[in-house]
Amino acid sequence: MELIALGCDHGGFALMEAVIKHLEQRGIEYKNFGVYECKSVDYPDIALPVAEMVASGQAEKGILICGTGIGMSIAANKVTGIRASVCGEEFSTKFTRLHNDSNILCLGARVTGEGLALSLVDLYIDTPFEGDRHTARVEKITEIERKYSHE
Ligand code: RB5
């Protein structure tokens with residue numbers, strides 16, 4: 001059973017409520033890292049635990065929502081093993097799963113309406129990684145991470 005890690009800041013709170021309801025209707029398991037009420041929070045503080053849960057393999061995928069989706073994606077992509085993608089339309093959402101094996105979907109609640117966002121969530125969750133020639137390319141991303149890792 002697939003587990004999705006969730007997180008949002010105040011900019012993404014209302015849309016995350018809709019995403020949670022949608023996942024529950026589909027019977028998809030999730031772990032929510034907040035925020036749990038619409039209060040101001042710094043998006044890196046939320047992106048980190050979500051990214052760590054996905055990177056450790058405890059969750060298969062993540063969904064992060066802020067005003068634009070961009071702050072969340074920049075923060076999440078600092079975690080080794082994370083390939084977070086900001087998506088606001090269907091083509092990119094589908095192909096970032098097929099070709100990049102993206103593991104966190106970032107949505108911009110001030111950019112993308114609720115109806116479209118929920119259909120992007122479905123597309124992201126339901127589209128598998130294509131593998132083949134794309135596997136070597138994704139591995140090259142990991143090589144870049146290794147090269148610049150100073151841990
Ligand atoms: C918060 O005002 C806003 O900066 C945040 O939600 C996000 O859009 C950052 O990238």
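Owing to the predicted nature of the structure, the values given are computational and were not obtained by experimental measurement. Nothing fancy with the numbering, it's 1 onward along the sequence. Note that ligands are numbered from 1 as they come in the structure, with each ligand's atoms numbered from 1 the same way. Atoms considered below: every heavy atom in the structure, side chains included; atoms not considered: hydrogens, waters and symmetry mates.
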Does I104 belong to the same Ile/Leu/Val/Met/Phe/Trp/Tyr cluster as L6, with side-chain heavy atoms less than 4.5 Å apart forming each link?
no
Given side chains that start at C-beta, do those of L23 and I125 come closer than 4.5 Å, heavy atoms only?
yes
Here the atoms of ligand 1 under 4.0 Å from any heavy atom belonging to H10 are 1 (C), 2 (O)
For D9, is at least one N or O under 3.5 Å away from an N or O on ligand 1?
yes
Check for me whether M72 has a heavy atom closer than 4.0 Å to any atom of ligand 1.
no
Atom 4 (O) of ligand 1: the protein heavy-atom neighbour that sits closest, reported with distance to 0.1 Å:
Y43 CE2, 4.5 Å
What atoms of ligand 1 come closer than 4.0 angstrom to any heavy atom of G67?
5 (C), 6 (O), 7 (C), 8 (O)
State, yes or no, whether a side-chain contact exists between I46 and V35 at a heavy-atom distance under 4.5 Å.
yes
Can you establish whether the number of heavy atoms outside Y36 located under 6.0 Å from its atom OH is more than 12?
yes
Can you check whether F129 reaches V138 side chain to side chain, under 4.5 Å on heavy atoms?
yes
Ligand 1 to G71 polar contact by distance, N or O atoms, under 3.5 Å
yes
Within the 3.5 Å criterion, strictly below it, is a donor on S73 or N77 matched to an acceptor on the partner's side chain?
no
Which atoms from ligand 1 have a heavy atom of R110 less than 4.0 Å away?
1 (C), 2 (O), 3 (C)
